*Asks:* 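Just passing along the structure, written as structure tokens.
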Amino acid sequence: MKSYLILCLLAATALRAQVPNLITFQGKLTDAQTNVLNGAYNLTFRIYGTNTGGASLWTETQTNVPLTRGIFAVPLGVNQPLNLAFDRP
């Protein structure tokens, strides 16, 4: 019984410490004249470590993302795992 309790506590600690594998991202896309877009689009998402310049820390392209009145929602990390620490802004 004692070893079972220790195993449960260790499993709970490991689960709590994990960073999520997916992040839901929502947005609205418009063209240069601010007209909302409709249809399926290929979208590329990037995460950077700085506000300006520098190389991206993570990149993922999703194909055929449906846009309705410009609105979309996608889970990031589906095609390219989010293996970032997320320990800084």
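The structure presented is a predicted model; accordingly, all values stated were derived computationally and were not measured. Note: hydrogens, waters and symmetry copies are ignored here, and every other heavy atom, side chains too, is used.
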*Asks:* Are N79 and Q62 close enough that some pair of their side-chain heavy atoms sits under 4.5 Å apart?
*Replies:*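 Yes, side chains in contact.
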*Asks:* Say whether I71 and L43 are linked into one hydrophobic cluster, either directly or through other cluster members, by side-chain heavy-atom distances under 4.5 angstrom.
*Replies:*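 No, because I71 and L43 fall into different hydrophobic clusters, even though each may have its own neighbours under 4.5 Å.
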*Asks:* Does any N or O in the side chain of E60 come within less than 3.5 Å of the main-chain N or O of V78, such that one atom is a donor and the other an acceptor?
*Replies:*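 Yes, the answer is positive, given that a donor and an acceptor are paired below the 3.5 Å cut-off.
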*Asks:* Are N64 and Y41 close enough, and set up right, to give a side chain to side chain contact (heavy atoms under 4.5 Å, CB included), and what steps lead you there?
*Replies:* CA-CA 5 Å; N64 298 316; Y41 288 83; over 6 Å; no
*Asks:* Does a side-chain heavy-atom distance below 4.5 Å link L29 with L67?
*Replies:*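 They are in side-chain contact.
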*Asks:* Side chain to side chain contact (heavy atoms under 4.5 Å, CB included) for T44 and T59? Distances and angles first, verdict last.
*Replies:* CA-CA 7 Å; T44 300; T59 301; 3.8 Å; yes
*Asks:* With distance as the sole test, does Q80 use its side chain to make a donor-acceptor pair with the main-chain N or O of T61 at under 3.5 Å?
*Replies:*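 Here the side-chain-to-backbone pair does not exist.
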*Asks:* Do I23 and F86 have side chains that approach each other closer than 4.5 Å (heavy atoms only, starting at C-beta)?
*Replies:*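 SC-SC contact between I23 and F86 confirmed.
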*Asks:* Treating W58 as the side-chain partner and P81 as the backbone partner, does any N or O pair qualify as donor plus acceptor under 3.5 Å?
*Replies:*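 Present.
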*Asks:* Are the side chains of L82 and L22 in contact, using a 4.5 Å heavy-atom criterion?
*Replies:*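 L22 vs L82: side chains apart.
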*Asks:* Please verify the inter-ring angle class for F72 with F25; under 30° counts as parallel, over 60° as perpendicular, anything in between as tilted.
*Replies:*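 Tilted: the ring planes of F72 and F25 meet at 30° to 60°.
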*Asks:* Quick one: closest heavy-atom pair of T50 and T52, and the distance?
*Replies:*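 Smallest interatomic distance, heavy atoms only, reads OG1-O, 3.1 Å.
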*Asks:* Does D31 have more than 12 heavy atoms from other residues, nucleotides or ligands lying within 6.0 Å of its CG?
*Replies:*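 Enclosed: over 12 neighbouring heavy atoms sit under 6.0 Å from CG of D31.
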*Asks:* Under a 4.5 Å cut-off applied to non-hydrogen side-chain atoms, are N42 and V65 in contact?
*Replies:*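 No - every pair of side-chain heavy atoms lies 4.5 Å or more apart.
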*Asks:* If you group Ile, Leu, Val, Met, Phe, Trp and Tyr by side-chain heavy-atom gaps below 4.5 Å, do L57 and Y48 land in one group?
*Replies:*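 No, L57 does not connect to Y48 through the hydrophobic network.
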